[in-house]
Structure formats: C-alpha cells, structure tokens
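Some notes on the structure that comes next.
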Amino acid sequence: MTRTFPLIALTTSIALLGFGCRPPATPEPIAIQNAPIATEEVAVPTPTDSNTNEPHVIDQEGPSAEGLIARQALKNLSLAKTYRTTMTVPTANGIMKTSASINRDQGMLGRLEIPTGQEVKSAEIYIANNVILFRENNGSWNDISTTEEGKQFTSLFSNVLTPNSPDTSLVISDNARTVEIKDDPSGCKLYVLSQVNEAGERVPYNICIKNDIPTYVSIQTAVGILTTTYTDINGSVDIQRPQ
C-alpha cells in the first residue's frame with residue numbers, strides 16, 4: 001500500500017501543536033465512570049515577583065498560585081473517561097486543524113487537516129487496544145497495527161490529544177507566573193499566565209477553566225497562536241470501529 005500522506009507531515013504538524021515536548025508514553029485505559037474531580041489542596045509558594053521577566057533564581061520557587069490551579073485542572077482532564085478535543089494553529093498555507101474523540105474504554109478517533117496551498121490534505125486514525133486503522137483524504141481504511149509507522153502514529157496522537165499523565169508539570173512549568181485573571185465571555189475563568197520557553201523567552205499561556213476542568217488553552221508558538229478546546233468531558237462520546 002502506498003500512502004501519499006507522509007509520516008513526517010503528521011510528525012511535524014503535531015509537534016507544532018505545543019504538546020510535542022511530552023515524553024512518549026503508551027496510554028492505558030482508565031477504568032472509571034464519570035471520573036470525580038480532584039479537590040486536593042496544594043501548598044502555594046509565594047514568589048517575590050510574580051511577573052518577573054527574569055526567570056532565573058525566582059523561577060526556582062515553583063509556579064504561581066494560578067499556575068497550580070491550571071496544573072490541577074489539567075490533571076482532572078487526564079482523569080476524564082471521555083471528551084472531545086480540537087486544536088487549531090495558523091500556518092503559512094492556512095489553518096491546520098487536529099481533532100479527536102476519546103473514550104478511554106473504546107478507543108480514539110482522530111483527524112488531521114493540513115492546508116497545502118490550493119487544497120486541504122486530511123488523515124484519520126482509529127486506535128483501540130492493539131488495533132490501528134488509518135486512511136487518507138476520506139479514502140479506504142487500512143490496518144497498520146503491526147507497522148512501525150502505526151506505532152509512531154499512536155504515540156503522536158496519544159501524547160498530543162489524549163493526555164494520560166497526572167504529571168502536569170510537563171505542561172505548566174515551575175516558571176509559570178500569573179499575568180491576569182478575568183471572566184471569559186464563554187463562561188469560564190481565564191487565567192493568563194506566562195512561561196519561559198526553550199529559547200529562554202517568556203511567552204503567554206492562557207487557560208480557561210470551568211468546573212475545575214479546562215475548556216480551552218491558547219499558547220503563543222513560533223507559528224502563531226495555538227488554541228486547544230475541550231468539550232463533552234465525561235459526556236456521551238461513542239467510538240465505533242470504522243468499516
């Protein structure tokens with residue numbers, strides 16, 4: 001079988017979506033029904049300057065109070081049994097979109113759309129237990145369960161779209177500082193944070209939280225503002241194997 005949608009396109013595109021820095025992991029199903037929201041109390045460090053632009057020294061003290069709230073919200077999301085998520089990020093050719101429906105018991109169905117100038121190329125992947133199905137541009141589904149690229153697709157989509165790790169320090173770092181807190185028109189509470197990226201630059205990180213769960217996250221990246229939304233958390237998300 002020849003695929004015109006190269007693995008490198010998926011790898012590069014997903015890596016651009018902000019969560020590619022996570023170490024690869026194989027997610028395990030979480031046997032929970034309507035996962036309870038964690039409400040553990042966390043000791044909050046008191047930084048001497050919460051909005052410093054010089055991360056060294058003070059950034060060793062840990063994230064701001066709102067950074068800890070963001071960490072807990074992301075941890076709660078990692079415990080959710082079901083949800084849907086969508087990522088959008090601007091590129092030179094237009095808006096790239098990645099979406100997925102997740103049911104920890106049934107599997108995941110994901111879709112990636114990449115603008116290439118005059119057209120939009122798409123790819124879909126279904127992952128459930130040891131089964132990996134893939135198709136391009138609404139074509140026929142192919143079983144790639146035993147292939148190396150199938151394993152790579154699984155690792156990429158799983159780490160980007162179905163976070164399963166409670167270690168949210170991988171997303172909200174110890175150098176997270178609070179810039180602003182305000183009510184968002186969509187009904188969630190918006191926490192505007194700043195974090196230091198790998199280049200040592202402090203960049204904005206926005207997370208909107210409702211009922212102790214993130215509803216959207218937006219991050220400034222080298223290619224534009226990435227936005228990730230989360231809906232139907234612990235709601236009705238039915239994943240069926242494609243035919």
Side-chain angles (χ1 to χ4, degrees), residues 1-29 77 80 82-165 216-219 221-232 235-243:
M1 174 183 58
T2 301
R3 274 184 287 277
T4 59
F5 200 101
L7 176 61
I8 188 63
L10 280 171
T11 305
T12 303
S13 302
I14 293 176
L16 287 173
L17 294 178
F19 294 94
C21 59
R22 293 180 181 175
T26 301
E28 298 178 358
L77 176 65
T82 58
Y83 62 94
R84 291 186 173 89
T85 181
T86 299
M87 288 183 179
T88 57
V89 63
T91 72
N93 294 318
I95 299 297
M96 183 169 62
K97 181 178 179 180
T98 306
S99 60
S101 297
I102 294 97
N103 183 310
R104 301 287 189 185
D105 294 333
Q106 297 177 345
M108 183 203 77
L109 185 63
R111 180 177 176 86
L112 177 65
E113 298 177 359
I114 300 180
T116 60
Q118 297 181 349
E119 62 177 343
V120 175
K121 288 183 177 274
S122 66
E124 290 179 275
I125 190 166
Y126 165 82
I127 303 171
N129 298 320
N130 296 320
V131 176
I132 308 168
L133 305 181
F134 177 87
R135 72 171 177 174
E136 302 174 46
N137 301 318
N138 299 316
S140 300
W141 287 93
N142 296 284
D143 191 331
I144 59 171
S145 304
T146 60
T147 66
E148 183 60 33
E149 64 180 345
K151 296 176 183 178
Q152 293 185 51
F153 283 148
T154 300
S155 179
L156 285 168
F157 273 89
S158 296
N159 283 285
V160 172
L161 294 172
T162 62
N164 198 45
S165 172
Y216 76 81
V217 173
S218 64
I219 310 168
T221 74
V223 292
I225 298 178
L226 174 155
T227 301
T228 310
T229 62
Y230 302 99
T231 60
D232 299 318
S236 178
V237 179
D238 187 43
I239 307 296
Q240 298 295 325
R241 176 170 175 156
Q243 301 298 318

Measuring from [X]:[atom1] to [Y]:[atom2], what's the distance to the nearest 0.5 Å?
X	Y	atom1	atom2	answer
Ile102	Tyr230	CD1	OH	9.0 Å
Arg111	Asn138	CZ	CG	5.0 Å
Leu112	Ile125	CG	CD1	10.5 Å
Leu133	Leu109	CG	CG	9.5 Å
Met87	Thr228	CE	OG1	4.0 Å

Can you tell me if [X] uses its side chain to pair, donor with acceptor, with the backbone of [Y] under 3.5 Å?
X	Y	answer
Asn142	Ser140	yes
Thr82	Gly235	yes
Asn103	Asp238	no
Gln106	Arg104	no
Thr85	Thr229	yes

Nearest heavy-atom neighbours spanning [X] and [Y]:
X	Y	answer
Gly224	Pro90	CA-CG, 3.8 Å
Ser99	Thr86	CB-OG1, 3.8 Å
Pro115	Gly94	CG-C, 3.6 Å
Tyr83	Ala80	CD2-CB, 4.1 Å
Gln240	Tyr126	O-CE1, 3.9 Å

Minimum side-chain heavy-atom gap Glu124-Trp141 below 4.5 Å: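 Touching, per the 4.5 Å side-chain cut-off.
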
Ion pair check, Glu113 and Lys97, cut-off under 4.0 Å: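 No salt bridge links Glu113 with Lys97.
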
Qualifying salt bridge (Lys or Arg N to Asp or Glu O under 4.0 Å) pairs with a residue from residues 83-95, counting only residues at least two apart or across chains: Arg84-Asp232

All side chain to side chain contact (heavy atoms under 4.5 Å, CB included) counterparts of Ser145, not counting sequence neighbours: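 Listed in chain order: Val131, Ile132, Asp143.
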
Side chain to side chain contact (heavy atoms under 4.5 Å, CB included) partners for Asn130, two or more places apart: none

